[in-house]
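Data first, discussion second: the structure below is written as structure tokens.
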Amino acid sequence: MPSLLYNDMQFSVDPSGDRWDITYNLPNGTSALAAAGLFPGLAEADAAIRALALVKTIFPVGIKSVGPDVTHPNRIGDLKIVGPDVTHPNFIYWDKDSVSSPKTL
Amino acid sequence: MEIKGSVALVTGGGNGIGEAVVKHLAKAGAKVAVVDMVQKNIDRVVKDIKAMGGEAVGIQANVTSEADTARYIKGTLEAFGQLNIAVSCAGIIRDGTMLSLDKETGKVSKKLGLDKWQAVIDTNLTGTFLTMRDAAEAMVNGGWPGLLVPISSVNKVGQVGQINYSSAKVADALMPKIIVGEFLMRGIRNIRCVAIAPGYTATPMLTGMNQDALKAILEDVHLGRLVAPEEIASLISYCVENEALNATTIEITGGLCYPRGIAK
């Protein structure tokens, strides 16, 4: 079962019959399934390559700032009031691997 | 189109109607992409589908983001190699009347904020548009048979206190006519579009509300109970399998009526 380190996240690719599951470690020490029943019939090495490509898409490297949506203020006269209940994820993507991510498996 | 072996993407798939749709389709043999804002909900649903023997991938995303939309379409294709069914369940409410009056003066004391308007339009309308657009792009370029399912609401007819929600949902209900008309114009024959307009549904939001208020709502429902999310999921499955259903919006309300018995 190949193990992947990407963006400081630990993943493992586990066989499930003729398919593969991808699990990842949570900060609390438990793990969660990122995907189940993928890549039917693929060999371990090929499944690991496909899994790495998939987790890079699912968990992109970047900065997520969550806060008030300043582009949609509620205006009352000259006042701009930004509602606190608006979540405005502003995600910045880039393609480079983090320092901990292997260039190749 | 057969559900077994097809690939479905469901936004808002981490709870409520979306979760029911994801599980129903997975049980019927579809491979599913669970898209939601809340990672722990995604993890729970993917785990449940694995326990059912199904195939699933979970993708945390915000449907109002064009970049996120492109990412969950790409993730679905990387996981399963194709896309056949896209269901846009992600939605929010930010209720309030357009104007509120001061009881003593009768003058306007408060207006519905643009933040409440825009957040609902962004999620319920723009989010649905982005998912439908990018899913259709993948289906056209891949040449796969497809079904687009915007989720509207019976409140598309206009619900007081929900000018934002009703405006978005009536627009969602229009999408099938426009999208399929454009497909015909462009010679795209492999993709259908059917919107679903649920009535009051037994999601955590409604079942957790004040029980007296819930009882009052149910007095207007001929069925006498809330619609189950699984019943909506079952309708979507039927839409997948029945290719004659196209370019329309189907209501599933249990017979929601105005107090004098006129069907809403």
Side-chain angles (χ1 to χ4, degrees), chain A residues 9 14 16-28 30-40 42 47 49-62 64 66 68-77 79-94, chain B residues 5 26 31-35 37-68 70-81 92-94 96 108 110-123:
Chain A
M9 296 173 75
D14 308 310
S16 174
D18 70 333
R19 297 165 190 270
W20 298 89
D21 296 344
I22 304 172
T23 58
Y24 67 103
N25 293 339
L26 296 171
N28 64 8
T30 62
S31 62
L33 267 174
L38 302 185
F39 318 136
L42 274 193
I49 292 168
R50 293 276 300 273
L52 180 60
L54 181 59
V55 298
K56 282 186 173 183
T57 302
I58 295 175
F59 301 100
V61 179
K64 176 175 270 188
V66 178
D69 181 358
V70 293
T71 59
H72 303 123
N74 183 18
R75 293 171 185 272
I76 300 176
L79 281 177
K80 287 183 181 176
I81 300 171
V82 182
D85 60 342
V86 175
T87 331
H88 185 67
N90 177 17
F91 211 104
I92 302 164
Y93 296 93
W94 65 89
Chain B
K31 304 163 189 173
V32 293
V34 183
V35 177
M37 284 277 278
V38 183
Q39 187 67 53
K40 68 177 181 181
N41 287 348
I42 294 170
D43 293 343
R44 176 178 51 77
V45 172
V46 171
K47 186 180 175 187
D48 289 350
I49 291 170
K50 159 81 175 168
M52 291 160 49
E55 300 163 59
V57 62
I59 306 171
Q60 193 274 337
N62 179 348
V63 296
T64 70
S65 158
E66 199 166 20
D68 274 16
R71 186 167 58 80
Y72 56 73
I73 298 287
K74 185 182 176 201
T76 304
L77 298 181
E78 282 179 349
F80 301 121
I92 61 170
I93 54 171
R94 297 283 187 274
V108 174
K110 189 180 168 191
K111 298 187 288 187
L112 184 76
L114 183 59
D115 57 332
K116 287 189 175 180
W117 168 268
Q118 199 64 54
V120 172
I121 296 296
D122 284 352
T123 304

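A note on names: the letters A, B, ... follow the listed sequences, proteins ahead of strands, and every chain is numbered from 1. Just so it is clear, the structure is predicted and the values come from calculations on it, not from any experiment.
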If you compare all heavy atoms of A/Thr57 against all heavy atoms of B/Glu78, which two are closest, and at what distance to 0.1 Å? OG1-OE1, 2.6 Å
Which heavy-atom pair separates B/Val57 from A/Ile58 by the least distance, and what is that distance? CG2-CD1, 3.5 Å
Relative to chain A, which of B/Ala79, B/Gly75, B/Gly81 shows the most heavy atom pairs under 4.5 Å? B/Ala79
Rounded to the nearest 0.5 Å, what separates atom CG in A/Leu33 from atom NZ in B/Lys50? 6.5 Å
Closest-packed option against chain A by number of heavy-atom pairs under 4.5 Å, given B/Glu55, B/Lys47, B/Lys40, B/Gln39: B/Glu55
Counting only heavy atoms closer than 4.5 Å, note whether A/Ile22 contacts chain B via side chain, backbone, both or neither. neither
Let me know if B/Phe80 has heavy atoms under 4.5 Å from chain A in its side chain, its backbone, both or neither. side chain
